[in-house]
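Nothing here was measured: the structure is a model prediction, and the numbers come from that model.
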Amino acid sequence: MVAIILPSFAARLVILLLFLFNGFHLGYGLSSDYYSKTCPNFEEVVTNAVKKAMANDQTVPAALLRMHFHDCFIRGCDGSVLLRSSGNNTAEKDGPPNISLHAFYVIDHAKSAVEKLCPGVVSCADILALAARDAVSLSGGPRWDVPKGRKDGRISKAIDTRQLPAPTFNFSQLKQSFSQRGLSIQDLVALSGGHTLGFSHCSSFQNRIHNFNTLNDVDPSMNPTFANRLRNVCPMHNKVKNAGSTMDSTPTLFDNTYYKMVLQGQSLFSSDQALLTDHKAKNLVIKFANSHDEFYQAFVKAMIKMSSLNGGQEVRLDCKVVN
């Protein structure tokens with residue numbers, strides 16, 4: 001078999017066309033000082049809104065980080081996840097994978113405060129990107145300079161949420177989903193570390209603890225004691241609406257505990273466990289489990305890369321509706 005290697009220019013062209021085909025464009029217009037003259041102090045306003053929300057609800061950081069991820073993976077980071085359903089259109093936020101998203105009010109409050117400071121200047125997409133960064137840093141994780149200048153999108157369709165990587169994905173499916181967005185295996189493993197924050201309902205990992213396959217009721221790759229605990233919390237015919245489990249043992253701290261638990265067979269999702277089925281991905285899991293500094297560096301790099309995908313056209317005055 002002859003390996004065909006694309007020249008670097010051709011490879012870049014293929015990737016660019018792939019982005020355009022998916023409704024994304026690369027964020028070449030983004031910059032750290034995008035609002036330095038038009039709204040220089042707005043970042044502090046966003047941070048304060050996140051801090052205030054966190055003081056009342058410890059689930060806010062995980063919610064904001066997940067919201068940003070779910071926004072970026074559809075049409076690029078264009079704030080389309082923030083739009084509400086209207087008329088005959090069911091918006092992304094009401095699509096099946098997003099039903100459990102919450103804390104939209106944090107973005108609305110931040111936007112309202114920013115509008116008073118600089119009317120019609122700062123996009124909802126940028127506010128969400130900053131709120132996700134603040135969610136991480138205020139939870140003990142790294143802080144980074146977020147490139148800004150995203151525009152808000154005008155299209156939001158629930159059916160498009162089928163493009164989001166599912167918790168039941170195997171590694172091949174994960175790799176394809178991330179590579180379609182220009183994200184590498186290292187980005188995939190680093191961004192999976194966002195699962196260090198938050199909580200999951202039973203439905204997202206039910207497939208691993210009941211009727212796993214014809215031979216096993218429980219996924220054999222799962223730690224038996226851990227699996228039994230989950231089965232007690234999430235019985236076969238669970239009727240408790242909010243039953244579930246924290247994503248790792250330190251759900252309000254942004255740290256590298258998630259990777260340690262993956263290696264111990266104590267991850268919740270099939271997609272988490274799948275990271276150990278690829279040699280390169282497994283080595284990265286081991287690296288990040290052994291060094292939170294390595295994890296933080298890779299996470300920041302991946303977040304900047306992911307959040308630089310944008311497909312918007314306007315600066316919304318209200319994050320819930322198009323202008």
Side-chain angles (χ1 to χ4, degrees), residues 24 27 29-30 32 34-35 39 42-54 57 59-84 91-95 97-98 100-115 117-118 120-139 141 143-156 160-161 164 181 191 194 197-198 299-300 302-323:
F24 304 124
L30 304 184
S32 297
Y34 187 86
Y35 297 107
C39 198
F42 90 98
E43 287 200 40
E44 185 179 348
V45 173
V46 176
T47 301
N48 287 339
V50 176
K51 279 183 180 177
K52 184 177 180 181
M54 285 178 63
D57 183 356
T59 70
V60 162
L64 293 175
L65 183 58
R66 185 166 173 244
M67 191 187 300
H68 180 49
F69 183 91
H70 282 215
D71 183 37
C72 295
F73 258 59
I74 303 298
R75 296 177 181 275
C77 312
D78 65 348
S80 56
V81 73
L82 305 171
L83 289 169
R84 67 187 176 201
E92 287 172 33
K93 66 162 60 176
D94 294 319
N98 288 341
S100 59
L101 287 183
H102 67 287
F104 290 98
Y105 71 90
V106 181
I107 306 302
D108 291 331
H109 289 174
K111 175 65 171 175
S112 179
V114 171
E115 282 298 303
L117 194 67
C118 318
V121 173
V122 182
S123 69
C124 298
D126 274 346
I127 289 174
L128 179 52
L130 286 161
R133 185 274 312 274
D134 290 337
V136 170
S137 63
L138 293 171
S139 299
R143 184 177 179 84
W144 64 95
D145 206 356
V146 176
K148 295 166 283 290
R150 297 164 190 79
K151 292 292 189 286
D152 296 322
R154 297 177 57 83
I155 299 172
S156 183
D160 291 339
T161 59
L164 292 169
R181 291 152 179 87
L191 290 172
L197 294 176
F299 183 81
V300 167
M303 281 293 286
I304 291 173
K305 196 171 172 184
M306 179 192 75
S307 69
S308 293
L309 306 175
N310 185 231
Q313 302 84 32
E314 65 182 18
V315 174
R316 254 182 258 145
L317 301 180
D318 181 338
C319 293
K320 298 185 292 297
V321 296
V322 297
N323 291 343

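No side-chain N or O of Ser307 forms a donor-acceptor pair with one of Arg133 less than 3.5 Å apart.
In this structure, Asn323 CG and Leu317 CG are separated by 4.5 Å, a value rounded to the nearest 0.5 Å. Of the inter-residue distances, the one linking Leu65 atom CG with His70 atom NE2 reads 9.5 Å to the nearest 0.5 angstrom. Here the straight-line distance linking atom CG of Leu130 with atom CD of Glu44 works out to 12.5 Å at 0.5 Å rounding. A distance of 12.5 Å separates CZ in Arg66 from CG in Leu197, rounded to the nearest 0.5 Å. Put simply, CD on Glu43 and CG on Asp126 are 9.0 Å apart, with the number rounded to the nearest 0.5 Å. Rounding to the nearest 0.5 Å gives a distance of 10.0 Å between CG of Leu138 and CG of Leu64.
Of the possible polar contacts, none joining the Asp152 side chain to the Val322 backbone as a donor-acceptor pair under 3.5 Å is found. When atom types are taken as modelled, the side chain of Ser112 and the backbone of Asp108 share no donor-acceptor pair closer than 3.5 angstrom. Lys148 places a side-chain N or O within donor-acceptor distance of the main-chain N or O of Ser32, the cut-off being under 3.5 Å. No side-chain donor-acceptor contact under 3.5 Å links Glu314 to the backbone of Gly153. Looking at Arg181, its side chain never comes within 3.5 Å of a backbone N or O of Leu309 through a donor-acceptor pair. A donor-acceptor pair is defined here as one N or O able to donate and one able to accept, closer than 3.5 Å; no such pair exists between the side chain of Asp71 and the backbone of Met67. Of the possible donor and acceptor atoms, one in the side chain of Ser123 sits under 3.5 Å from a partner among the backbone N and O of Arg150. Remark: side-chain polar atoms of Ser80 are not paired, donor with acceptor, to backbone N or O of Ser156 under 3.5 angstrom. Proximity of a side-chain donor or acceptor of Asn310 to a complementary backbone N or O of Lys151 within less than 3.5 Å is detected. When atom types are taken as modelled, the side chain of Asp160 and the backbone of Glu92 share no donor-acceptor pair closer than 3.5 angstrom.
Shown here for Gly95 and Thr161, the closest heavy-atom pair between the two residues is CA-OG1, 3.8 Å. Residues Cys77 and Ala125 come closest through the heavy atom pair O-CB, 3.3 Å. Here the shortest heavy-atom pairing between Ile127 and Ala110 reads CG2-CB, 3.9 Å. Contact record, Val315 with Gly120: CG1-O, 3.8 Å, taken as the closest heavy-atom pair. Considering every non-hydrogen atom in both Ile107 and Ala131, the closest pair reads CD1-CB, 3.7 Å.
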Discussion item. Does Leu164 form a side-chain contact (heavy atoms from CB on, under 4.5 Å) with Asn98? I'd like the steps, not just the answer.
Written reply: CA-CA 10 Å; Leu164 292 169; Asn98 288 341; 3.8 Å; yes
Practice prompt. With side-chain contact (heavy atoms from CB on, under 4.5 Å) as the test, would you mind laying out the steps for Val106 and Val50 before giving the verdict?
Written response: CA-CA 6 Å; Val106 181; Val50 176; 4.2 Å; yes
Item to complete: For side-chain contact (heavy atoms from CB on, under 4.5 Å), just list the numbers for Arg143 and Asp134, CA-CA rounded to whole Å, side-chain angles, deciding distance to a tenth of an Å, and then say yes or no.
Response: CA-CA 7 Å; Arg143 184 177 179 84; Asp134 290 337; 3.2 Å; yes
Discussion item. Let's go through Leu82 and Arg316 carefully: what are the C-alpha distance in whole Å and the side-chain angles of both, what is the deciding distance for side-chain contact (heavy atoms from CB on, under 4.5 Å) to 0.1 Å, and is it a yes or a no?
Written reply: CA-CA 11 Å; Leu82 305 171; Arg316 254 182 258 145; 4.1 Å; yes
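A 6.0 Å sphere centred on CD of Gln313 holds more than 12 heavy atoms belonging to other residues, nucleotides or ligands.
Judged by the 6.0 Å distance and 45° axis criteria, Lys93 is positioned over the aromatic ring of Phe104.
Looking at Val60 and Tyr105, their side chains come closer than 4.5 Å, going by heavy atoms from C-beta outward.
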